[in-house]
Amino acid sequence: MSKAFPIFVSRPRAFAGAALLLPALLGGCHRYRFPVYPASYHEFAYVSDGADNTVTVLDLVYLRRDRTLPVGRQPTGMAVNPVRNEVYVANMGSDSVSVIDAEKNEVVRTIGVHRTPYSIDVAPDGKRAYVANSGSNTVSVLDLDTRREISVSATGEAPGVVRVSPDNRTLVVSNRVAGSISVYTIHAEDSARPLELREAFSGCKGATDVSVIPNSAQDLDSGSKAFVACSGAHNVMVVWLAATADSWRGKQDATLQHDQMLCLLDVGKTPTHLAVKPDGGEVFSTNFDSDSISEIDTWNNNVSGTYVVGSKPSRAVISQDNSSVWVTDFGSDSATLYSIDDGRPEASVHTGSKPDALAFSADEHLLLVADSGSADVSVIRMQAQNGPALFTLLPGGGQPNDIVVKSFHAKLPSR
């Protein structure tokens, strides 16, 4: 039986023309609680749909489906360019990457890569993207100015997740079947040899998600750490990523100029996703088969605690003020709000079936949850009168795989 969606309600750009419908739907909630945006402001969520070979575009200003874009077959991972208004989609079934112009919401280029691309990440300067080709054991380097593949490098078996370090010096790739990670030096100005394999570390069974944090926000050259979810076990691998020779860390200790596997941390069973606090001080692991999340101190490389949440926690996202973690509970059709400061769950909000990927709106007024089992996106209002609450459901395609958000100010036409 097809699923019926509730009435879609738009959020105002300005107070002029205050809505008549919203108070009736929200009861005691007042319209002024919704953000007010200028006419030039645009914000969209992009949802990859692996069943229909499309990306669903959701307008987050008016809270409605904007359009559906045909892309390649079986779109999976997505990434947003931090510098230009573009979104990239890895098409696992057609060995390609689709480039979406966010201002026009059109697919403007399709870039061929190699077999079974699964995930994609974009450099901090927005000039290059890196694609894990899980079917060919390679990583592709894309030039985003010319929109073409410029290089291919070998990885371990079945690469899954790619991550660029904040200093744009290092690329980390997890190799799921090999149970390893590959570490590359990025030559950002070299088109002939953009990647150079630097090191590989084994011993991370079922390596999946990767998070990379700088050792120092003030001195990005002083090295980074990579945290890798070993989903085939109950561990998170911690790897030191080399500092430059002329950085403070590199000068203090020459051994820190080299990559090192620091430790394997015991977390819950089947860690699937790693969420990093914006201040970099902690990483949270979602432990799918232990119904828990683990809190990792990134400075001391230890597990501060493991806490029970909902059934089959899948992914997580952390608020910009570092105070709370939202976790999708895949097995209980809900999302849990966990207070970092208080060390306990604070709320649970019912979602669609099998919630998985999630993302905040730009101002964190909304939490968006892709429900992989019910073909929709749950829109959770963060500042409802009685705490976070499900506001509406929006269509997400037959099989929502991933969700990303892009916001920008568009130039208004002159009168």
Side-chain angles (χ1 to χ4, degrees), residues 44-57 68-82 84 86-102 105-123 126-144 146-164 171-177 182 184 194-195 207-211 272-273 315 356-359 370 372 396-406:
F44 299 100
Y46 299 83
V47 186
S48 59
D49 174 8
D52 299 329
N53 306 326
T54 60
V55 167
T56 301
V57 183
T68 300
L69 301 175
V71 291
R73 295 191 304 275
Q74 294 179 271
T76 53
M78 295 190 293
V80 170
N81 194 306
R84 62 185 74 177
E86 291 182 349
V87 175
Y88 311 98
V89 187
N91 302 310
M92 190 168 64
S94 55
D95 305 338
S96 65
V97 170
S98 297
V99 181
I100 298 173
D101 182 327
N105 276 330
E106 296 177 355
V107 175
V108 293
R109 182 67 66 88
T110 298
I111 305 171
V113 288
H114 292 258
R115 289 203 313 273
T116 326
Y118 182 74
S119 73
I120 182 169
D121 198 20
V122 179
K127 294 182 179 180
R128 287 182 181 169
Y130 302 88
V131 183
N133 302 309
S134 61
S136 60
N137 303 334
T138 60
V139 58
S140 293
V141 183
L142 308 184
D143 183 318
L144 298 180
T146 61
R147 294 173 178 165
R148 64 186 180 91
E149 181 187 72
I150 59 172
S151 179
V152 181
S153 296
T155 64
E157 189 174 0
V161 174
V162 286
R163 289 286 182 266
V164 184
L171 181 73
V172 180
V173 181
S174 66
N175 306 305
R176 181 180 55 82
V177 173
S182 303
Y184 303 82
L195 281 184
T208 51
D209 199 28
V210 179
S211 290
T272 54
H273 187 244
R315 302 201 209 183
D356 191 12
L358 71 173
S372 62
Q399 181 189 319
N401 283 328
D402 200 7
I403 183 167
V404 296
V405 172
K406 181 67 179 179

J.: Between the side chain of Thr155 and the main-chain N/O of Asn137, is any donor-acceptor distance below 3.5 Å?
T.: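 Yes, the answer is positive, given that a donor and an acceptor are paired below the 3.5 Å cut-off.
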
J.: A side-chain contact here means heavy atoms from C-beta on lying under 4.5 Å apart; do Tyr88 and Leu142 qualify?
T.: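 No - every pair of side-chain heavy atoms lies 4.5 Å or more apart.
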
J.: Do any N or O atoms from the side chain of Asp95 and from the backbone of Thr116 form a donor-acceptor pair under 3.5 angstrom?
T.: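 A pair under 3.5 Å: yes.
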
J.: Is the backbone N or O of Gly397 less than 3.5 Å from a side-chain atom of Asp52, with the two atoms forming a donor-acceptor pair by type?
T.: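 No, the answer is negative, given that no donor and acceptor are paired below the 3.5 Å cut-off.
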
J.: Might you work through the side-chain hydrogen bond (donor to acceptor under 3.5 Å, both in side chains) test for Ser48 and Asp402, ending with a clear yes or no?
T.: CA-CA 5 Å; Ser48 59; Asp402 200 7; 5.5 Å; no

J.: Heavy-atom distance under 4.5 Å between the side chains of Ser182 and Val172, does that happen here?
T.: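 When only atoms from C-beta onward are counted, Val172 and Ser182 do not touch, as no gap falls below 4.5 Å.
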
J.: Would you call Arg176 and Ser134 a side-chain contact if the rule is heavy atoms closer than 4.5 Å?
T.: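 They are not in contact (no side-chain heavy atoms under 4.5 Å apart), so the answer is no.
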
J.: Checking Asn81 side chain against Arg84 main chain: does a donor-acceptor pair fall under 3.5 Å?
T.: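 A pair under 3.5 Å: yes.
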
J.: Would you name the heavy atoms of Val210 and Ser174 that are closest together and state the gap between them?
T.: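 The answer is CG2-CB, 3.7 Å.
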
J.: Within the supplied structure, the quantity of interest is the number of heavy atoms (other residues, nucleotides, ligands) at a distance under 6.0 Å from Tyr118 OH; does it exceed 12?
T.: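 Open.
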
J.: For Asn91 and Ser96, what are the C-alpha separation, side-chain angles and deciding distance, and is it a side-chain hydrogen bond (donor to acceptor under 3.5 Å, both in side chains)?
T.: CA-CA 5 Å; Asn91 302 310; Ser96 65; 3.1 Å; yes

J.: Any non-hydrogen side-chain atom of Val164 less than 4.5 Å from a side-chain atom of Val162?
T.: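 Side chain of Val164 against side chain of Val162, heavy atoms only: no contact under 4.5 Å found.
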
J.: Test side chain to side chain contact (heavy atoms under 4.5 Å, CB included) on Asn133 and Arg115 and set out the steps.
T.: CA-CA 6 Å; Asn133 302 309; Arg115 289 203 313 273; 5.8 Å; no

J.: When you compare the side chain of Tyr130 with that of Leu195, does any pair of heavy atoms fall below 4.5 Å?
T.: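 They are in side-chain contact.
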
J.: Within a strict 4.5 Å, meaning less than it, do heavy atoms of the Asp49 and Gln399 side chains meet?
T.: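 Heavy-atom side-chain distance check passes, below 4.5 Å.
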
J.: When you check the gap from the basic side-chain N to the acidic O, do Glu86 and Arg147 get nearer than 4.0 Å?
T.: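 Yes, charged N to carboxylate O under 4.0 Å.
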
J.: Got a donor-acceptor contact below 3.5 angstrom from the Asp209 side chain to the Val161 backbone?
T.: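 No; zero donor-acceptor contacts below 3.5 Å.
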
